[in-house]
Amino acid sequence: MNTYPTEYLLHPVPVLAVYGLGNTTSEQPSTTTTTTTTSRPDNDVSTTTTTTTTPPSSGNNTRQPLSSRAALGTMLQNVFNNKQQHSLYDTIRSSTTTGIPSTPAFKTILVDKDYKLSERTPISPNLPPPHSNLSPLSPESPLHPDGFMTPLWIKKQLELPSVVVGFYDLWDWSQEPGSPPRPKRETGPLSSHVMIDPTEREKDTILAQEINERRKYFQDKGIKFAATIILKRHQTDDHAVEERLVWIRKQSGLDNKNSFFIISPGTQHDIQEFVNNLYRNLHESAIHYYNNRIKKVRKKRAKLPSPSMTPRSPDTNEPQPLSVQGWMLRYDFKTGVFQEIKQDIEGATKSYESAYTLVADMLAPKSSITPGQIGLPLHSKRWEEAKALMDCISIKICSFYLYMNDTSGALAQLNGHLHMIQTYATVWGTGEQTFEYWAWLSKQYRIFGDVIDAATQHGIKIPIPTSYMNTPGLPTQSHPLMGGSGSGPSPAIGCNPGSILQHPGFYYHLAAMCCAERRRRFLEADNAADSTKEPTTIWETLLVNERQIDHSALTIELLTKSYEQFKKYRNGRMTLYLAAEIAGTYYETSKFEMALKFFERIGKTYRKENWNMILTSILRWSLRCAKELGSWERALECLIELMSSDLPMSEQKRHDIQNELMDVLYKRMDDGDQKEQQSTSLVIHMDQINPMLNCDAQFQTRGNFVDAPVRFQVVLKTGKTSPPTPFRFNQMRILFNNPRYNIVLTDSNKEDESGLKNLTYVDCRQDLQTLNEGEYTGWSTKEVDLRVVKNQTKVYEGCIVPKECCELKIIGICLDIQSPQWHVSLNYDMDRPVEVEKHLIRRKWLEESKDGRSPKFTFLESSGELNVIKISQRPPRVKLIADYATQALLDEYFELNITIQNQEQDAIDVNLQAELKDPSEK
Amino acid sequence: MSNEINCIALIGKQNNPLYLKNFSNTHPDLKYHYIAHTSIDVIEERVASGPKNLDLYLGLLYAMEDLAVYGYMTNTRVKFVAVVSVTEGIIRDAEMKTIFKKIHSAYLSQICNPFYNLDSQQSIDSKAFSRAIEAIGANTNTKTTMDI
């Protein structure tokens with residue numbers, strides 16, 4: 001049920017039978033003198049034109065490489081055989097565009113020299129010949145008594161030649177052992193009067209007779225026969241040989257143009273050219289042959305009575321002979337096949353469509369063509385045959401429409417077919433609730449995808465859905481895709497989106513969705529069924545078979561196919577969606593590692609482009625996978641990101657996430673042993689994910705002096721919805737570019753409400769201690785309230801006293817969560833370039849409230865974020881006062897008093913340098 | 001209009017979602033987020049391969065399962081996407097265009113607000129804008145039921 005007969009789906013081409021090419025196996029010593037046209041031992045009959053064969057014992061010749069004759073035979077065989085599978089697009093159309101003369105497609109079969117067609121000999125001379133062994137009328141036929149079609153019939157047609165070509169050698173004296181090489185005979189100006197060698201004439205007569213016999217035999221069967229004479233190299237430009245050939249041709253009753261060919265050894269290209277030429281010359285005869293077959297079938301169909309005249313009595317259980325409708329179907333289908341062989345695609349479409357209607361009607365619960373006839377019994381042999389045939393015909397029609405560039409026709413056929421089976425399926429009891437239906441639907445979409453894929457590879461363009469290119473106002477009713485359904489010129493343009501052919505990716509995706517549905521339906525059915533019972537009904541057998549199927553692998557395969565198509569059509573974002581589906585399917589089958597890999601890969605784009613709803617979903621899935629895998633680091637990463645307010649979710653869900661996060665942090669029990677284990681460190685870079693809270697740090701001023709206190713503020717800002725309940729960090733580290741100023745604030749474990757106000761100021765300027773031991777030796781520390789809750793802005797103001805000139809920078813803030821098992825730190829890198837948006841915002845500073853009122857923001861000069869400060873040496877506090885008269889007189893002492901006042905506590909060494917200048921000299 | 005609008009989505013020029021409203025009860029919001037996101041490629045492809053004086057209305061972008069996705073792009077490269085359910089009938093481009101024009105004017109009123117930051121990647125959370133979009137959806141969809 002899973003595959004269709006290949007015969008129904010392959011593209012047939014005319015059949016050409018070839019014999020006489022010989023079989024050059026090593027056990028057959030073929031020498032230059034061998035002229036046996038058939039070298040197979042069992043065919044080595046004396047009816048050939050050969051005179052002698054060199055005995056196998058005749059020495060050194062056997063070790064020679066392939067003789068030119070044998071090599072030619074092999075080459076020809078290879079050329080004939082190199083294309084066994086043909087596609088619809090291999091035909092004339094493709095090559096006419098390139099300007100090279102087209103080469104019609106042929107299927108070549110190699111037959112024996114004395115190939116005979118199967119004969120239906122009458123039992124007695126007075127009786128008509130018996131029916132074919134595939135006819136429903138022959139008792140031994142698989143179709144007896146009421147079958148209508150079998151793939152064997154097509155197989156048979158593809159083994160029946162429409163043209164036969166025989167290869168023969170021209171006898172030559174060199175074949176005669178021991179005979180001296182004959183001189184080339186002189187041909188005078190009157191070349192017809194060449195001396196005729198009697199031996200040659202004798203051999204040629206035998207050859208001509210043989211050819212003639214074969215010609216007559218095939219001609220009687222309505223099959224074209226052509227002979228090809230293989231010349232040896234030295235015969236090629238011999239005028240006498242030409243004469244002999246003319247003579248043989250005339251004697252054997254063949255005409256020059258397309259019944260008699262000559263070939264001599266040549267290159268691969270020459271051989272290919274010869275075969276192409278042969279195909280071109282014989283094509284017409286092949287078409288003629290199939291035309292005759294069509295005529296014969298049509299004649300038989302015309303003789304059938306009308307099906308409405310022969311209603312069938314439905315009340316017997318005996319197998320009835322094939323109904324008239326069945327015969328009509330048989331003949332229409334046969335016509336279609338022959339038309340297809342001769343590449344009459346338009347005709348074949350019509351015949352197949354007729355056959356399709358007939359077979360569809362036979363499957364219908366009640367026939368509308370043969371009155372009173374009910375549909376074929378469900379799941380019977382004929383029912384299965386009819387269903388497969390109907391599907392296959394539909395596929396053929398689809399591909400033909402595509403071939404004829406009628407994309408909407410192809411899609412209409414698919415949709416019509418799906419719709420029809422859907423209606424039938426409800427009657428059959430294999431409706432949408434069964435996995436059978438979805439399996440079937442998936443298959444239809446998949447094959448349709450394949451059909452379009454093949455078509456596009458041969459230049460069929462996927463139409464652009466709407467005429468969006470047209471300038472507005474220009475009516476485009478003439479577009480074949482517009483308007484649809486033949487309602488005449490409609491005033492407005494539009495289309496039915498369901499009737500527009502899209503690229504194969506969409507259909508593979510549909511197939512995958514159907515496959516997933518099939519799995520769901522199967523699981524439902526499987527849960528309901530008793531799996532231990534031996535299958536007794538058809539349904540139970542189906543169920544047993546279905547259990548063998550790896551649905552998820554099928555779905556993933558289809559999704560991957562779809563993925564590749566979308567990639568090909570540069571629809572990168574769709575591939576992300578498909579990757580999510582693939583990941584979901586992996587999850588279903590407990591392949592969590594694969595699923596997680598996929599989720600991780602696609603999450604990046606969604607994060608970058610802010611598609612947070614999708615990212616939330618992906619993180620939730622990743623979390624589930626990570627938990628299944630016991631990959632707790634990954635689970636924590638997901639949980640932390642899911643705490644971000646940017647990721648939309650309900651309050652309850654957020655609560656759950658927070659609880660889960662706490663559970664993972666504090667109650668991880670993956671290993672059974674309870675002994676104290678090393679805590680695992682996990683660093684999460686908050687600028688790479690959606691942060692659960694924002695963190696900024698700034699200095700109050702741009703510059704300051706050594707030994708003067710430098711104030712800075714660290715602002716923690718939570719989102720509107722997260723965290724829903726107070727979230728406690730264990731410590732906050734403030735990192736400077738000079739580690740000596742680093743500060744670590746630890747949580748004070750306070751529980752009072754004051755730390756949870758919307759706007760909270762935390763003073764960390766005073767009472768800092770220096771740590772003397774531990775990891776953070778030398779750091780300043782203070783216990784403060786490190787809880788945050790949703791919709792909160794918490795400002796920590798600190799103060800450092802720089803000891804030297806430098807550029808001081810806050811390079812990072814780390815919020816640490818420590819539990820016996822974990823040390824998670826949320827790192828905020830302050831060194832990163834500031835976002836453009838922040839540049840424009842005026843700087844603000846939170847001022848501590850003096851009298852119990854809430855703190856207030858005041859504006860600072862400049863905008864942006866200031867996390868760098870320049871520390872310079874404070875200029876010494878020295879006062880300099882110069883006292884002098886404004887005018888100096890010539891030749892008089894000018895009195896200048898300079899007072900230097902040291903306002904510092906310590907003594908200062910001062911150098912004084914005074915320079916008097918005339919301001920006009922400048 | 002014989003087809004119901006299932007979803008209207010606005011996408012910013014950085015391909016970030018600006019606004020998404022789900023009118024249907026057949027599919028979850030997530031599905032439409034995926035659909036809106038995947039239509040970006042189709043819109044970009046159309047705009048890149050189209051002529052210079054391309055109409056803002058980009059027509060049917062693609063159909064997936066039972067949903068048809070239509071697109072529109074403003075001169076500032078803000079993309080509008082409308083998802084309609086596929087039925088047997090024909091969806092007229094003129095009607096889709098009218099819907100997009102309405103969305104466009106709602107968007108214009110939104111950006112005329114001096115406090116709205118055009119370059120922000122945040123989604124639009126204006127109540128007036130939501131009301132306008134909901135009205136477009138509700139209006140189209142009630143007309144549908146009246147037609148039947």
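- Between B:D55 and B:K97 there is a salt bridge, with a side-chain nitrogen of the basic residue lying less than 4.0 Å from a carboxylate oxygen of the acidic one.
- Your options are B:S39, B:G71, B:A63, and the one with the most heavy-atom pairs under 4.5 Å with chain A is B:A63.
- Checked against a 6.0 Å centroid threshold, the rings of B:H104 and B:Y72 count as neighbours.
- Side-chain polar atoms of B:E4 and B:S85 form no donor-acceptor pair below 3.5 angstrom.
- Only the side chain of A:I618 comes within less than 4.5 Å of a heavy atom in chain B; its backbone stays farther off.
- Looking only at atom types and distance, the side chain of B:N15 has no donor-acceptor partner in the side chain of A:K608 under 3.5 Å away.
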Quiz item: Between B:E134 and B:R131, does a salt bridge (Lys or Arg N to Asp or Glu O under 4.0 Å) hold up when you go through it step by step?
Solution: CA-CA 5 Å; B:E134 268 160 46; B:R131 273 199 301 276; over 6 Å; no
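- Using a 4.5 Å cut-off between heavy atoms, A:F506 contacts chain B through its side chain alone, with no backbone atom that close.
- Rounding to the nearest 0.5 Å places OH of B:Y34 at 11.0 Å from CE of B:M64.
- At a cut-off of 3.5 Å, with distance as the only test, a side-chain donor of A:S645 or A:T721 sits close to an acceptor on the other residue.
- Residues of residues 564-573 of chain A placed with any heavy atom under 4.5 Å of a heavy atom in chain B are listed by number as A:Y569, A:R570, A:N571, A:G572, A:R573.
- Taking non-hydrogen atoms and a 4.5 Å limit, the residue list of residues 16-27 of chain B in contact with chain A, ordered by number, reads B:N16, B:P17.
- A:S617 contributes no side-chain N or O that, together with a main-chain N or O of A:M613, makes up a donor-acceptor pair within less than 3.5 Å.
- In summary, the side chains of B:T38 and B:Y62 do present a donor paired with an acceptor at a separation below 3.5 Å, with no hydrogens or angles considered.
- Interface remark: B:I11 contributes side-chain atoms only to the contact with chain A (heavy atom separation under 4.5 Å).
- The closest donor-acceptor contact from the side chain of A:S622 to the backbone of A:F599 lies at 3.5 Å or more, if one exists at all.
- At a 4.5 Å heavy-atom cutoff, the contact between A:I614 and chain B is made by backbone and side-chain atoms alike.
- Enclosure of atom CD in A:Q422 by more than 12 non-hydrogen atoms of other residues, nucleotides or ligands within 6.0 angstrom is indicated.
- In this structure, SG on A:C514 lies 12.5 Å from CZ on A:R446, to the nearest 0.5 angstrom.
- Highest contact tally toward chain B, considering only A:Y606, A:W611, A:Y577, is held by A:W611 [criterion: heavy-atom pairs under 4.5 Å].
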